[in-house]
There are 2 protein chains.
Amino acid sequence: MSGTTPSEVRPAGILGLSTFLIHKLGAELRRRVAEELVGMGLGPRHHRALLFLATRGPAAQKDISLATDLDPSNVVGVIDDLDRQGLVVRRRDTTDRRRNVIEITDTGRVVLAQGDEAVGRVEEAALRALEPAERDQLYGFLYRMVVSLDLIKPAPNRVKEG
Amino acid sequence: MSGTTPSEVRPAGILGLSTFLIHKLGAELRRRVAEELVGMGLGPRHHRALLFLATRGPAAQKDISLATDLDPSNVVGVIDDLDRQGLVVRRRDTTDRRRNVIEITDTGRVVLAQGDEAVGRVEEAALRALEPAERDQLYGFLYRMVVSLDLIKPAPNRVKEG
DNA sequence: TATTGTTATACTCTATAACTATA
DNA sequence: TATAGTTATAGAGTATAACAATA
């Protein structure tokens with residue numbers, strides 16, 4: 001039960017691959033998140049876009065693409081949907097008229113809060129088997145993996161002074 | 001740098017969700033595995049099926065479905081492909097003629113070995129950021145999560161006496 | 001020339017429903 | 001009645017290429 005026992009024995013075959021477990025977890029989590037969000041007219045990708053916009057402020061579609069792991073060609077439709085529901089506003093950047101500036105609305109923030117709760121429930125269910133310290137460890141491992149695979153830039157700007 | 005520091009600070013927003021990191025990792029790993037396997041005429045699902053058959057021995061399509069996270073309707077095509085390439089043989093179960101018995105061939109084992117190497121390279125790349133002990137910890141966390149979400153039965157039969 | 005957004009399109013993976021042949 | 005496999009189909013999610021407007 002303790003973390004110091006080296007007796008973590010992996011089953012032979014497919015279940016012994018971390019890759020497979022991540023695949024399986026990813027698929028199940030996506031399924032559950034989608035199920036939780038469907039009631040509020042959102043898909044997982046809409047929630048990701050809203051969350052990004054709420055955290056980072058107004059952003060170009062290119063930025064959304066990079067941050068949310070969405071192809072630029074697919075960002076179009078996601079923002080279309082959110083725009084149609086009044087959850088974001090899309091306007092041309094006055095200084096660079098190639099760009100759209102996307103901004104979350106007050107309604108968008110309300111819906112996002114509901115979405116966050118829904119996603120939080122899924123995350124809580126997924127992490128239920130782990131103690132709080134282990135959850136942080138897991139997050140740290142995942143974060144380092146994602147960084148080492150060059151999937152995100154090493155660190156956001158938030159720095160806590162000394 | 002050590003594992004005892006509690007200063008694992010999570011960024012606000014989408015990057016703070018383990019759910020998102022798992023999604024991102026899952027997508028990237030699937031992409032890389034697919035890329036590695038394409039040269040040998042396999043997809044990730046074909047590799048999973050072959051690996052399962054090599055580990056468990058001859059099995060019904062239903063078993064493959066349960067073990068590899070494939071819908072039964074999709075197992076059909078995957079086994080079709082493998083059969084066509086001579087990597088498995090499909091024959092009717094003599095005692096229950098509803099069932100197919102799928103068995104990996106010698107050629108299948110050769111191709112599987114190549115596939116395992118390819119997947120191993122991806123797994124190695126993904127885990128490069130973690131020390132060996134941490135890799136085992138990560139695997140343990142993932143395994144417990146998968147079990148707690150009821151995605152697999154708690155333990156295979158391999159038990160080490162004493 | 002390069003970049004942002006857009007459109008059309010296609011491919012993979014996943015999921016559902018209806019059917020067949022067996023049990 | 002229930003189960004194993006099959007077929008057809010539909011829906012996400014993802015990815016590519018070509019284009020218009022703008023830089």
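Below, chains carry the letters A, B, ... as their sequence lines are ordered, and counting in each starts from 1.
In this structure, of C:dT22, D:dA23, D:dT6, it is C:dT22 that holds the atom nearest to the side chain of B:Arg97. Comparing C:dG5, C:dT6, C:dA23 by their nearest atom to the side chain of A:Arg90 picks out C:dT6.
The minimum heavy-atom distance linking B:Asn74 with B:Arg45 is given by the pair CB-NH1, 4.0 Å. Contact between A:Met40 and A:Gly115 at its shortest, heavy atoms only, is SD-N, 3.6 Å. When every heavy atom of A:Ile22 is checked against every heavy atom of B:Leu29, the shortest pair comes out as CD1-CD1, 4.0 Å.
Checked by distance alone, A:Ser73 brings a side-chain donor or acceptor within 3.5 Å of a matching partner on the base of D:dT16. Counting distance only, with no hydrogens placed and no angle test, the side-chain atoms of B:Arg98 and the base atoms of D:dT3 include a donor-acceptor pair under 3.5 Å.
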Every protein N/O within reach of nucleotides 11-13 of chain D N/O, cut-off under 3.5 Å:
from   : atom 1 : to      : atom 2 : distance (Å)
D:dG13 : OP2    : A:Arg45 : NE     : 3.3

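Along DNA chain D, the nucleotide closest to A:Asp96 and the one closest to A:Asn74 are compared, and the more 5′ of them pairs with A:Asn74. Heavy-atom distances to DNA chain C give each of A:Arg92 and A:Ala27 a nearest nucleotide, and the one nearer the 5′ end belongs to A:Arg92.
Partner of A:Glu28 under the salt bridge (charged side-chain N to carboxylate O under 4.0 Å, His left out) criterion, chosen from A:Lys24, A:Arg32, A:Arg30: A:Arg32.
At least one side-chain nitrogen or oxygen of A:Arg31 sits closer than 4.0 Å to the OP1 or OP2 atom of C:dA15.
Looking at heavy-atom distances under 4.0 Å, B:Asn100 makes contact with sugar-phosphate atoms alone, never a base.
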